[in-house]
Structures are given as C-alpha cells and as structure tokens.
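From a predicted model like this one, the values you see are computed outputs, not experimental measurements. Every chain is numbered from 1, with letters handed out A, B, ... down the list of sequences. Reckoned from all heavy atoms, side chains included, excluding hydrogens, waters and symmetry mates.
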Amino acid sequence: MAEYRPQALDKKWQERWTSARAFEVAEDSSRPKYYCLEMFAYPSGHAHVGHVRNYIIGDVMARTKRMRGYNVLHPFGWDAFGLPAENAAIKSGIHPETSTLANIAHMKGQLQRLGISYAWEREFATCEPTYYKWNQWLFIKMYERGLAYRRRSSVNWCEKDQTVLANEQVVDGGCWRCGTPVTIRDLEQWFFKITEYADDLLKGIEGLGQWPEKVLTMQKNWIGRSEGARVRFGEIEVFTTRIDTIFGATCVFLAPEHPLVDRYAAESDDPAAFRRKVATFRAQDRTARLTGEIEKEGFFTGRSVVNPFTSEAVPVWVANFVLGEYGTGAVMAVPAHDQRDFEFATKYGLPIKTVIEPGPETATAPAPEAYVDYGRLVHSGEFTGLSSETALVRMGEWAERNNIGARSVQFRLKDWGISRQRYWGTPIPMIYCDACGIVPVPYEQLPVELPAVKTFTGRGDSPLAQVPDFVNVSCPKCGGKARRETDTMDTFVDSSWYFYRFCDPANDTLPFDPAKAKYWMPVDFYSGGVEHAILHLIYSRFFTRVFRDLGLVDHDEPFTHLLTQGMVLKDGAVMSKSKGNVVDPDDMLQKYGADPLRLYVMFVAPPEKEVEWSDAGLEGSWRFLARVWRFVDQWCGAAMGAPSPASFGADGLSRTDRQLRRRTHETIRRVTVDVEQRIHLNTAVSALMELVNDLYAYGDGLGQGDVSPASRAVLREAIEALVVMVSPFAPHTTEELWEMLGHTEGLTKTPWPAFDEHVAKPEEIVIPVQVNGKLRSRLTVAPDTPESELRDAALADPAIRAYTDGKTVKSVIVVKGKLINVVVV
RNA sequence: GCCGGGGUGGCGGAACUGGCAGACGCACAGGACUUAAAAUCCUGGGUCCCGCGAGGGGCGUGUGGGUUCGAUUCCCGCCCCCGGCACCA
C-alpha cells in the first residue's frame with residue numbers, strides 16, 4: 001500500500017501543469033468567462049500564511065469555476081513600486097530595483113510551491129516601464145480633461161534631513177529617522193480630481209450588492225456627502241446643514257486658514273498679536289490634531305457681520321476647531337442647538353438663543369447642553385411654528401430668492417494628491433518651460449523612464465532632482481530650455497487599474513485593448529484584505545469611471561463580488577516579523593506538503609473571518625487527506641472500469657448502494673452551492689469529510705469477499721466525485737489519485753460531477769414530532785407522505801399519546817417534510 | 001458620539017427561507033489491533049436532575065421582554081467584544 005506523502009507529489013504535478021500550460025487562457029465567446037482575482041502583492045520578501053490564505057481562497061474559486069465550465073482568468077502580479085524598498089535602499093545601499101526583483105522571485109516561488117493556478121504568462125510588475133508608461137499616458141489624458149491639476153499644498157518636512165516625509169514616516173509628530181519635529185511646507189503638487197466623481201461614486205454603491213456591508217459603509221463615510229446650504233453673512237459665506245437654526249446664530253467662526261483672516265489681522269488694532277494667535281492655531285492643526293483632542297479656543301476679530309435672516313449684527317471669531325478645507329472654511333455658531341458651539345459660547349460668554357423647541361410645550365430649556373435634534377421653530381420670524389424638516393426647505397428657498405445663499409451639497413472626500421518626492425515610483429510626465437509653462441511629455445516620448453540612481457541618502461530634494469540628465473530637457477513645444485517634473489506618482493495609481501492590464505498585459509499601443517477588457521471585465525470575484533476598503537477600492541472605482549469617460553470601457557464598476565478575507569493570527573496577534581510569530585508557509589510545505597496546508601486554511605473558518613493558527617488543526621487536515629488517500633488506494637482496483645450506477649436500473653442496487661449514491665449526490669449539491677454561491681469554503685470541506693466518513697462505513701459493510709458489480713459502480717461514482725470535488729482544495733493529492741483511478745486526462749481538464757436531483761432524493765425521511773414545541777418522538781416516513789397521514793401517524797404514536805391522553809388536542813401543525821407539532825391544552 | 005459587524009460546548013465552527021441547536025474538525029476519554037508504543041480503525045460526549053440499569057425529565061445560542069403552534073433566526077430594551085469614522089458645521 002502506497003503511503004501518503006504529499007511533499008513528494010507537489011513538484012511532480014506543478015511541473016505537469018506548467019508544461020501543459022494548464023492555466024493559460026484566451027478570450028472565448030463560446031464559454032462564460034470568470035475573472036478571479038486576488039489583490040496583487042507588494043513584494044516585501046516573504047509571504048506568510050496570512051497572505052497565502054487569500055491566494056488559496058482565490059485558487060479554490062478559480063479551480064472550481066474551471067471545472068464548472070467557465071473560461072477562467074486568474075492572473076497575478078506585483079505592486080512593485082513603493083516606499084519600503086526605497087527606505088531599505090537608504091539603510092542598506094541596495095538599489096530598490098535589485099531588492100524588489102529578488103523579493104518577487106522568492107515570493108513567486110512560494111506561490112508556485114503552493115500550486116496556485118495562476119496564468120503566469122500574464123504576470124507583470126508595476127515597476128516595469130512597459131507598465132508605468134500607461135500610468136503616464138493616463139495621467140496626460142486626465143490632465144487634458146482637467147482631471148489632473150496642480151496646486152500648492154502642504155507636506156510634512158524634516159528640517160534636519162531636508163526632505164519630505166510621507167504620513168507613515170511621521171512617528172509621534174517627528175521624523176521616523178531622526179525624531180526631529182515635523183514642520184509643514186507648502187509645495188506645488190499634482191492632484192487627481194476624484195471629487196468630480198463624488199456623487200457618481202456614492203450612487204454606484206447602491207449597485208454593489210455583493211460587497212461586504214462594512215466596506216460600503218466605510219466608503220460612504222469616506223465620501224461623506226451632506227446636504228445643506230451656503231449662506232452669506234456679509235462678506236463671509238458659511239456652510240450649514242441646519243439652516244432651520246439660523247435665527248439662533250449669534251456668532252460666525254472662521255477657520256484659522258480662512259482667506260479673510262490675514263486681511264482682518266492686517267486691519268486690526270494689533271496685527272502682530274492677531275497673527276501670533278492665528279499662527280498658534282495653524283500649528284496646532286497639524287500636530288495636536290493627530291495625537292489627540294485639542295482644547296476648543298478662539299478669539300474675537302473685532303469685526304461683525306450681519307445675519308441675513310435677522311438683520312442683526314453678529315461678531316466674527318477665529319476658532320481653532322473650524323476646518324479650512326471643509327465647506328467654506330467658515331461656520332455660523334448656534335450655541336443653543338450645536339454641542340460644540342454651546343461649549344464655546346459657555347466658555348467665552350457668547351449669547352445663547354433658543355430657536356428650536358422639542359415638543360408642543362413652550363418651556364424654554366436652560367439646559368446644560370445644546371438641544372441638537374429636530375423640533376419646532378420659535379423666535380424665527382415668519383418661519384416660527386414650522387417643523388425643522390419644513391424649515392430646512394423653506395428657508396433654503398428663501399435664501400435663494402433673496403440672493404443671500406443657496407442650497408448646497410458638501411463632500412468630505414478631497415481631491416487625491418498624488419505627488420511623491422520619492423525615487424521608486426512612476427515619474428510624472430510633465431515639463432516646465434519658462435516660455436510655455438506646463439507642457440505634457442508628448443505621447444510618443446513615453447515612457448519617461450526612471451533614471452539610474454546609485455546612492456540613496458534620503459536627504460535633500462526629490463531624488464530625481466539630483467539627476468541633471470533627467471531634469472534638463474528641451475521644451476516639446478518651443479524647443480527652449482525646460483525642466484522635468486521630478487516628483488513621482490503615489491503607488492496607489494499603479495494599483496488603481498492593474499486588473500485591466502491583466503486582460504491584455506503585452507499591449508504596446510494602449511493600456512489595454514477595449515475588446516479584451518469588454519470580454520473579461522468586470523472582475524467577478526475579488527478578494528483581499530479589508531485594509532484596502534477605502535483607498536484602493538475607491539481609487540479603482542474612480543479610475544474605472546475615468547476609463548469609461550475616455551471611452552475605453554462601458555461599465556461603471558470594476559469588481560462585482562468583493563470578499564475581504566480575515567487575517568491569520570498566531571498567539572492572538574497578527575503575524576509580523578517584529579513580533580516573531582510568523583508562520584512561514586515553506587516550513588509547512590516541508591513538513592506537511594502543500595495540500596494539507598491549503599485544506600486547513602480553507603476548513604478552519606469562513607474566508608472572511610479572522611482565524612487563530614493551529615498546528616493541530618493542520619494535522620487534522622493532513623489526516624483527512626490521508627484518509628481519502630487510503631480509501632482510494634484500497635478500493636480503486638474494485639472501482640476502476642465500473643459502469644455508471646444508473647445502468648443498473650431501479651431495482652439493480654441494494655439499499656446500502658442506493659444510500660451511498662444518494663449521499664454522493666447530496667454532497668455534490670452541497671459542495672457546489674457552498675463553493676460557487678455561498679463561498680462557504682469551510683462547510684464545503686465539512687460536507688466532503690462527511691462523505692468520506694460514509695465511504696468508510698460503506699467499505700466496512702462490503703467485507704472481505706468479492707464486490708458486486710453494482711457496488712463497484714456506486715463506489716466508483718462516489719470516489720470519483722469525491723476526488724474531483726476535493727481537487728480545488730488539494731490539487732496535487734487528487735491529481736495523483738485521479739491517475740491511480742486510471743485516468744490519463746488530468747483533473748484540470750475534468751468537468752465537475754453532475755448532480756442528479758432524482759438520485760439525491762431520500763427514500764424515507766425522519767420527521768420530528770413535537771408536543772407544544774417540545775420534541776417528543778420521531779416518525780420515519782416516505783418523503784411524499786400526505787399531510788393527513790402524517791397527522792394521524794403522529795397522533796397514534798405511543799410516545800405522543802403519553803402527552804395527549806387526557807388533554808384536548810387544539811391543533812396539529814404539519815410542515816410537510818419538516819416537522820409535526822401537536823398543540824394540546 | 002455616529003456607522004457597521006458580532007456574542008452558540010473545553011476550542012475552531014455548523015444550522016441555507018421561523019421548524020430536530022451543537023454538523024464537521026481539534027482536544028479529551030474508552031475500546032480494538034500491538035510484546036509495547038506510534039499510526040490506524042471503532043465508540044462516546046452541552047449541562048443539571050431522577051434511575052442500579054435500559055431509560056426518563058428539566059434547563060440551554062450574551063441579557064430582559066415581545067410576536068408565534070414553534071425563535072440561534074423576526075421585533076423592542078439593555079450588557080459586552082471587534083472594526084471603521086469622528087470637532088465635517
């Protein structure tokens with residue numbers, strides 16, 4: 001008997017799949033397509049089992065869908081640009097390209113050793129010029145449409161290193177390397193105008209029925225749409241969502257960044273003191289806000305403006321909690337009906353004027369807090385007596401009619417700043433000419449390649465600014481002296497459209513052929529970590545809309561079904577090198593082989609749940625596969641060459657034969673639904689384990705003697721269905737078993753077993769009988785026993801009569817095929 | 001504070017549309033095989049109570065109510081855990 005040694009099988013079958021080009025695909029209009037994608041990887045060096053779980057989930061889906069007759073695209077690639085490689089270069093001196101390529105090679109090996117069925121011929125890394133060329137192409141297209149623009153914006157700056165810091169390089173308000181307190185610098189930077197699509201992105205969420213609710217909520221919050229009105233208090237325009245409270249507006253607050261603040265300072269009695277206070281607030285904004293709550297503070301500007309509804313003058317203050325970037329950077333303060341304004345007014349002794357009352361009762365509330373809910377208006381001129389809901393509309397209209405404001409919608413979403421003062425990214429393809437201004441690099445000159453840089457100091461300007469051959473160019477328009485943009489793009493640009501490139505990875509005239517994208521897109525199944533719920537997944541939806549408006553695609557949404565896979569914990573914590581709790585898949589491969597590892601991570605919990613790693617659990621999965629192995633090994637001789645059990649007719653099979661057949665088909669149904677529709681991969685494995693348990697019981701019943709032809713047929717059907725259905729989870733083991741069963745065509749070309757409803761139908765069923773909702777007995781009956789018969793049988797059951805004797809049977813509820821409940825009083 | 005998800009045996013989890021709670025696995029216990037062990041195969045198990053026993057009964061899905069013949073599932077209140085957002089006007 002052949003012992004089960006999965007390690008010995010991995011390489012054999014991986015090589016066969018490669019030489020057979022088993023997972024390569026082309027467009028084929030005769031078959032339904034299925035685009036199965038896992039978020040591509042940042043090549044950090046080593047994948048741990050937490051990463052690998054995601055790839056296995058996708059592989060189970062891809063392998064199943066192939067067997068189910070779909071034309072499956074299952075590609076993989078590398079999110080290869082990024083800060084870690086550049087930081088490592090600063091520390092170790094190894095060029096980012098060198099380390100990145102080495103990491104890719106290692107991680108690719110890991111994935112191949114796991115037997116993930118990728119279409120490797122479509123692989124690419126975003127640091128290849130053939131890829132990032134299209135980032136640049138797209139950038140220019142967006143620039144032409146006004147979707148890419150340049151403006152001043154602030155960045156984190158380290159005085160000591162004389163360099164820009166990314167947000168994640170700021171640790172507790174200081175530079176990650178030297179601890180120097182971070183300051184703010186204004187630089188000219190490039191932005192993508194994602195706000196143009198704010199409403200479109202929000203509306204699109206409605207159609208994402210197969211995304212987790214959690215992700216949709218996070219996206220809605222991120223977009224942050226709020227309806228309100230802009231109202232002018234003299235020269236100051238405020239945004240409010242509560243225009244119904246405007247008669248209670250006793251003050252106007254300006255953000256420290258508000259454009260009018262500088263002028264007010266200049267015109268004040270003591271400009272220096274004014275500016276000092278403003279400067280304090282502006283500095284607070286950056287540092288204090290990140291670490292914790294800041295005390296609400298403000299000061300009077302010495303000015304007043306007129307509330308257009310009351311015609312009364314209200315004072316103008318500068319307040320540190322008002323945000324410059326949101327709305328108009330100015331708000332009306334209604335202390336009676338806004339908690340923040342209330343606290344502020346209490347602190348500084350500003351008037352509090354109640355204009356909304358909770359109910360019909362007129363008691364004025366000298367409450368210790370603001371009344372923030374909707375209610376009925378009081379002291380509000382002609383609007384007194386209206387409900388808040390009505391007033392919101394009427395007062396908005398009134399403002400429009402009197403030309404002092406307008407209803408308005410605000411978003412929290414801001415434009416996407418993509419400039420990075422870094423080396424290891426896509427060069428922004430723009431040229432600055434003294435004569436012509438900003439000039440895009442002509443399309444035929446793309447890609448603008450990253451120049452070779454030998455040493456990385458992490459100090460000074462953008463690394464590209466230190467390469468004169470790169471910086472100094474002639475203007476494409478006038479031929480005069482010009483200089484290149486030296487910033488690179490945020491790496492989220494790379495990942496916002498890579499899934500389109502997989503449809504046509506070698507295209508050198510367009511980012512992708514629209515016809516190919518039309519065939520493959522949208523991605524049917526996309527899985528990855530929930531940490532990408534906002535940025536990556538919104539940017540990708542944004543780019544899809546840009547492609548749509550460029551006429552390259554005709555759909556709005558890139559990902560039909562999204563699965564956010566749970567993390568794998570070790571000792572209760574997320575795996576990480578620094579904690580030293582990483583489980584390396586290669587160790588597991590050596591010890592157990594690829595298949596037990598694959599099966600274990602699928603069985604341990606539903607894909608979206610977090611799991612705790614367990615060596616014992618992995619051994620359990622090994623045991624299950626060994627059990628399958630031994631059973632097939634023992635019975636394949638009997639099963640081989642047997643005909644279909646259907647050929648034995650209705651009476652040709654024994655009771656136990658029929659029972660095993662039924663279990664086989666029931667399992668086919670369960671596994672198919674669990675994998676394909678519910679994506680409950682753990683219960684699919686459970687179902688397969690149950691079938692194996694049944695097979696062992698059946699094998700015991702067959703004894704030592706000859707096996708009847710009918711039993712051989714039933715065995716063959718069960719074993720083959722089992723092997724095929726286990727194969728997405730344990731492809732190497734099952735290929736070997738399939739070969740042992742006499743098949744010459746591999747499993748990758750074998751269809752999924754067909755489910756026969758007629759066979760799966762049980763001959764008899766057990767119906768629980770309750771009395772007053774408590775289980776008292778069971779009846780074994782034919783599945784189509786009529787209701788009246790069930791009712792009579794239940795009432796005649798001695799175990800039931802013990803509860804009904806001497807009582808009145810009020811009613812008998814019969815749920816056909818499910819349950820009987822006798823109600824007595 | 002707001003939004004979202006969740007709370008089921010010793011553990012991971014199952015229960016699809018309101019119908020037998022605890023499938024499947026882990027760990028554990030007992031048995032078979034073995035000189036012995038490992039491996040393997042078989043069996044057992046929510047909990048409390050009654051019974052020598054076969055067996056019988058009560059309770060049980062965070063908690064308190066409600067709807068229903070019947071609730072892990074639906075509704076209302078509360079407690080706890082996880083995640084996201086948070087001076088957004």
Side-chain angles (χ1 to χ4, degrees), chain A residues 3 212-222 224-226 228 238-243 245 249 253 255 289 293-296 319-323 325-334 337-341 343-344 372 410-414 530-531 533-534 564 599-600 603-606 608-621 623-624 626-627 630 670 673-674 677-678 680 682-693 696-697 699-700 766-778 799 802 810-815 817-824:
Chain A
E3 206 184 328
E213 203 56 46
K214 180 175 38 169
V215 175
L216 299 181
T217 310
M218 285 163 76
Q219 294 214 350
K220 277 182 216 159
N221 289 345
W222 188 257
R225 182 181 199 274
S226 52
V238 304
F239 173 72
T240 178
T241 55
R242 290 298 302 273
I243 197 170
T245 65
F253 295 155
R289 186 172 292 173
E293 284 240 339
I294 51 167
E295 177 75 16
K296 284 178 192 49
N320 64 347
F321 64 88
V322 179
L323 302 173
E325 327 83 82
Y326 185 77
T328 60
V331 297
M332 64 181 201
V334 185
H337 305 294
D338 179 284
Q339 192 56 31
R340 262 182 331 246
D341 297 344
E343 287 164 23
F344 197 91
V372 298
Q410 286 298 318
F411 293 94
R412 209 186 73 100
L413 183 72
K414 286 181 232 150
V530 72
E531 66 273 18
I534 301 178
T564 53
L599 188 84
Y600 167 64
F603 174 62
V604 65
E608 52 283 321
K609 262 201 90 153
E610 217 167 58
V611 295
E612 173 70 27
W613 177 264
S614 150
D615 286 341
L618 175 53
E619 272 179 57
S621 294
R623 268 201 293 272
F624 167 71
R627 228 163 120 75
R630 277 192 303 274
R670 283 174 64 187
V673 171
D674 278 356
Q677 289 163 37
R678 305 207 304 158
H680 284 199
N682 54 329
T683 54
V685 176
S686 304
L688 292 163
M689 286 174 168
E690 285 182 56
L691 182 60
V692 171
N693 291 343
Y696 269 81
D700 276 356
V766 176
I767 301 211
V769 186
Q770 301 178 331
V771 177
N772 287 349
K774 287 195 168 48
L775 179 67
R776 299 301 181 189
S777 182
R778 291 188 169 88
K810 207 172 129 201
S811 69
V812 181
I813 284 139
V814 180
V815 185
K818 287 264 168 112
L819 163 143
I820 299 166
N821 189 12
V822 181
V823 185
V824 298

Practice prompt. Could you measure between the two P atoms, the one in G46(B) and the one in G65(B), and give it in whole Å?
Written response: 27 Å
Fill in: Most 5' of Ser614(A) and Met332(A) on RNA chain B, judged by nearest nucleotide
Ser614(A)
Practice prompt. Write down the distance separating the C1' atoms in U34(B) and C41(B), rounded off to the nearest Å.
Written response: 13 Å
Discussion item. What's Asp338(A) touching, base or sugar-phosphate or nothing? Going by heavy atoms closer than 4.0 Å.
Written reply: nothing
Fill in: Separation between the C1' atoms of G45(B) and A71(B), rounded to whole Å
27 Å
Worksheet item: Do Arg778(A) and C20(B) share a donor-acceptor pair, side chain to base, under 3.5 Å?
Response: yes
Worksheet item: With a 3.5 Å cut-off and just heavy-atom distances, do the side chain of Asn221(A) and the base of C85(B) make a donor-acceptor pair?
Response: no
Worksheet item: Would you say a side-chain N or O of Arg776(A) is under 4.0 Å from OP1 or OP2 of G70(B)?
Response: no
Practice prompt. Taking atom C1' in both C2(B) and G70(B), compute the distance separating them and give it to the nearest angstrom.
Written response: 37 Å
Worksheet entry | Pair assignment for U68(B), Watson-Crick or G-U wobble, requiring both distances under 3.5 Å | none
Item to complete: Between C26(B) and A14(B), how far apart are the C1' atoms? Round to whole Å, please.
Response: 15 Å
Discussion item. Using the C1' atom as the point on both nucleotides, what is the distance between G9(B) and G83(B), in whole Å?
Written reply: 27 Å
Worksheet item: What is the pairing partner of U17(B), taking Watson-Crick or G-U wobble pairs with both distances under 3.5 Å in any strand?
Response: none
Item to complete: Considering just the side-chain nitrogens and oxygens of Arg623(A), establish if one lies under 4.0 Å of OP1 or OP2 belonging to C26(B).
Response: yes
Worksheet item: If you measure from the C1' atom in C59(B) to the same atom in G53(B), how many Å do you get, rounded?
Response: 24 Å
Discussion item. In whole Å, measure the gap between the P atoms of C48(B) and G60(B) for me.
Written reply: 15 Å
Worksheet item: With both distances under 3.5 angstrom, what nucleotide forms a Watson-Crick or G-U wobble pair with G1(B)?
Response: C85(B)
Practice prompt. Have a look at Ser811(A) and say if it touches a base, only the backbone sugar-phosphate, or nothing, with a 4.0 Å heavy-atom cut-off.
Written response: nothing
Worksheet item: Does the ring centre of Phe253(A) sit less than 6.0 Å away from the ring centre of Phe344(A)?
Response: yes
